Each structure stands twice: as C-alpha cells, then as structure tokens.
Amino acid sequence: MRLKDKVALITGAASGIGRETALLFAAEGAKVVVVDVNDPAGAETVTAIEQQGCEAVYVHADVSKSADCENMVRVAEQTFGKLNVLFNNAGIMHGDDDNAMTTSEAVWDLTMNINLKGVFLGCKYGIPALKRAGGGSIINTASFVAILGAATPQIAYTASKGGVLSMTRELALIHARENIRVNALCPGPLRTELLMKFLNTEEKKQRRLVHIPMGRFGEAKEMAYAALYLASDESSYVTGTEFMVDGGITAAYVTPQ
Ligand code: NAD
C-alpha cells in the first residue's frame with residue numbers, strides 16, 4: 001500500500017477530483033480527513049470510504065475562512081494523531097466569471113478567496129501540523145490555465161490558479177529543508193461537475209475539446225492517481241513542480257522561452 005499509516009487531509013473532497021482522491025488514498029492505506037462545504041456529499045464520501053473497510057472523518061470547512069481551516073487541521077490531529085499529506089484542492093469556477101470588462105468585483109473576490117486564499121490558509125495551519133509529524137507532502141490544485149490563457153474567458157479563475165502556481169514554488173523553496181514537499185497538480189479540462197456546468201452548451205464543450213490533443217476530457221480518477229504519486233514517498237525528490245496532467249494540451253501550445 002502506497003500510503004500506509006499516513007493521514008491525508010483533502011479539501012473539496014465531496015466531489016470530483018477530491019472525492020476520487022479520497023477513495024484512492026484510503027484504498028492505499030491512508031486515513032482520510034474529508035473537507036468540504038457540501039455536508040451531505042462529504043458524508044457520502046466518508047461512507048464510501050468506510051464501505052471499502054477504511055477510515056475517514058468529515059469536517060465542514062469553508063477554505064476561505066481562517067477559523068474553519070484551523071479547525072480542519074485540529075480535527076485531523078485530534079482524530080488520527082497527525083497530518084502527513086495536505087491536498088489543497090477545493091475550488092470554484094463561477095458561472096459569471098468572464099472577461100475583465102464583464103466580471104464583477106464580487107465574482108473576482110469570491111474566486112480569489114476560495115481558490116487562492118484557501119490554499120494559503122490551508123498551508124498556514126497545515127504546515128505546522130506537517131512539521132509536528134516530521135515533514136510531509138502538500139499538493140495544491142492549480143490548472144493548465146495557469147500556464148495557458150483559457151479560450152473561454154474566466155479571468156478570475158485563471159488569475160487565481162496562476163497565484164496557486166507561484167505560491168507553490170515559494171512554499172517548496174521555503175520548506176525544502178524541513179522535509180516538506182510542495183507541488184502543484186495542473187489538471188487539464190475534466191469531465192467533472194465544475195467544468196461541465198461552466199461549459200454548459202455543446203458548442204462550448206466542442207470549443208474546449210478542439211484544443212486537447214487526446215480529443216477527450218480527463219477523468220477525476222486520472223487526477224487522483226497523479227495526486228497519489230505526489231502524496232507518496234515515491235516522489236521523495238519532487239518538489240516545486242507543475243505536475244501537468246492535461247491530455248497534452250500544454251505540450252501543444254507552450255513553446256520554450
Ligand atoms: P468539483 O466542483 O467536482 O469539486 C469541488 C469541490 O470543492 C466541491 O465538492 C465543492 O463543494 C468544494 N468547495 C467549493 N467551495 C469550497 C469552499 N469554499 N470550501 C471548501 N470546499 C469547497 O470540481 P473538481 O473538478 O473536482 O475541482 C477540484 C479542483 O480542480 C478545483 O480547484 C478546480 O479549480 C481544479 N481544476 C478542475 C478542472 C476541471 O476541468 N474540472 C481543471 C483544472 C483544475
């Protein structure tokens with residue numbers, strides 16, 4: 001088992017990437033702290049893990065709120081005794097996130113607070129716990145749009161994910177000698193609720209598919225396997241990376257500087 005005896009906290013674990021990762025981490029031996037704002041769906045993730053014969057606990061936390069993030073880490077340590085893996089994965093893609101002229105300040109602020117400040121707060125309270133455990137692995141979910149501009153405008157989302165990538169690099173450097181590794185997971189376009197709600201017409205879906213060399217959307221499970229590698233000791237020399245799992249989309253468009 002690749003995560004035997006580890007304790008992993010996953011935000012946004014009620015759905016999509018977070019849920020698939022929670023199920024996979026548990027199957028690989030981790031005790032999982034399932035964090036979300038969607039309580040019924042979070043509880044379903046815990047039930048599914050328990051049905052696998054594994055251990056998990058649900059914590060309600062809005063990652064944009066400091067007290068909630070402090071509490072989720074406290075619950076992890078109180079319930080399972082330590083924290084080894086912190087997966088800052090919760091994020092939103094607001095339906096009214098558009099170009100700079102049309103996006104409201106409210107949508108900008110909400111997106112930044114969840115997608116970017118949420119990662120900061122996870123680290124603010126999670127890093128001391130990882131230190132107490134003797135080190136660990138942090139995975140921050142960014143996106144391919146942190147590298148490329150998105151063809152369907154989503155200015156706040158793209159900017160927030162760029163921030164996640166920059167923050168990940170700095171965190172990796174600052175904590176490199178404390179046995180704490182920090183990597184960004186950069187998914188390509190996935191067939192999860194988040195993107196399918198945003199690309200809500202066949203035309204918008206096709207417009208995105210045109211850019212993906214593999215010609216299909218990715219699956220949350222495919223992100224979970226990448227997160228498993230970054231969480232496990234198999235990636236012990238990997239820190240500060242942009243781990244692209246994107247069906248080839250960035251290879252098609254990014255040219256070396
Ligand atoms: P999803 O909508 O299926 O899951 C996101 C989860 O985050 C939901 O359970 C939601 O309730 C939770 N959440 C939202 N706001 C929260 C908050 N304030 N506090 C705690 N939890 C909150 O989406 P997903 O596709 O699994 O996305 C997961 C991550 O992957 C996000 O950061 C997203 O930006 C990123 N991502 C997704 C795609 C894609 O195509 N789906 C591509 C690149 C990156």
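Counting from 1, the numbers follow the sequence of the chain as shown. Values in this document were obtained by computation on a predicted structure and should not be read as measured data. When a ligand or atom number is given, it counts from 1 through the structure's own listing order.
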At a 4.0 Å threshold, what atoms of ligand 1 neighbour a non-hydrogen atom of [X]?
| X | answer |
| --- | --- |
| Thr141 | 29 (C), 30 (O), 32 (O), 35 (C) |
| Pro189 | 40 (O) |
| Gly16 | 3 (O), 26 (O) |
| Ile114 | 15 (N), 18 (N) |
| Ile92 | 14 (C), 15 (N) |

Below 4.0 angstrom, N of the basic side chain to O of the carboxylate: do [X] and [Y] qualify?
| X | Y | result |
| --- | --- | --- |
| Lys31 | Glu77 | no |
| Glu44 | Arg19 | yes |
| Glu70 | Lys124 | no |

Ignoring hydrogens and angles, state whether a donor on the side chain of [X] or [Y] is under 3.5 Å from an acceptor on the partner side chain.
| X | Y | value |
| --- | --- | --- |
| Asp39 | Tyr58 | yes |
| Thr102 | Asn99 | yes |
| Thr250 | Asp246 | yes |
| Arg181 | Ser235 | yes |
| Thr141 | Asn89 | yes |
| Thr21 | Tyr225 | no |
| Thr103 | Asp98 | no |

Residue-ligand contact [X]/ligand 1, heavy atom below 4.0 Å:
| X | result |
| --- | --- |
| Gly218 | no |
| Ala142 | yes |
| Lys161 | yes |

[X], [atom1] atom: more than 12 neighbouring heavy atoms under 6.0 Å:
| X | atom1 | value |
| --- | --- | --- |
| Lys205 | NZ | yes |
| Lys131 | NZ | no |
| Tyr253 | OH | yes |

Any idea which protein heavy atom is nearest [atom], and the distance to it?
| atom | value |
| --- | --- |
| atom 2 (O) of ligand 1 | Leu194 CB, 3.5 Å |
| atom 21 (N) of ligand 1 | Ala90 CB, 3.5 Å |
| atom 1 (P) of ligand 1 | Ser15 OG, 3.5 Å |
| atom 20 (C) of ligand 1 | Ala61 O, 3.2 Å |
| atom 9 (O) of ligand 1 | Asp36 OD2, 2.7 Å |
| atom 5 (C) of ligand 1 | Gly91 O, 4.0 Å |
| atom 7 (O) of ligand 1 | Gly12 CA, 3.4 Å |
| atom 19 (N) of ligand 1 | Val63 N, 3.0 Å |

Using a heavy-atom cut-off of under 4.0 Å, does the side chain or the backbone of [X] touch ligand 1, or both, or neither?
| X | value |
| --- | --- |
| Tyr157 | side chain |
| Ala220 | neither |
| Val37 | both |
| Thr192 | side chain |
| Met223 | neither |
| Asn89 | both |

**Item:** Main-chain N/O of Ala146 paired to Ser143 side chain as donor or acceptor, under 3.5 Å
**Value:**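 Between the backbone of Ala146 and the side chain of Ser143 there is no qualifying donor-acceptor contact (under 3.5 Å).
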**Message:** For Val35, is there any backbone N or O sitting under 3.5 Å from a side-chain donor or acceptor partner on Thr11?
**Reply:** no
Looking only at distance, does [X] have an N or O less than 3.5 Å from an N or O of ligand 1?
| X | result |
| --- | --- |
| Asn38 | no |
| Leu195 | no |
| Ile17 | yes |

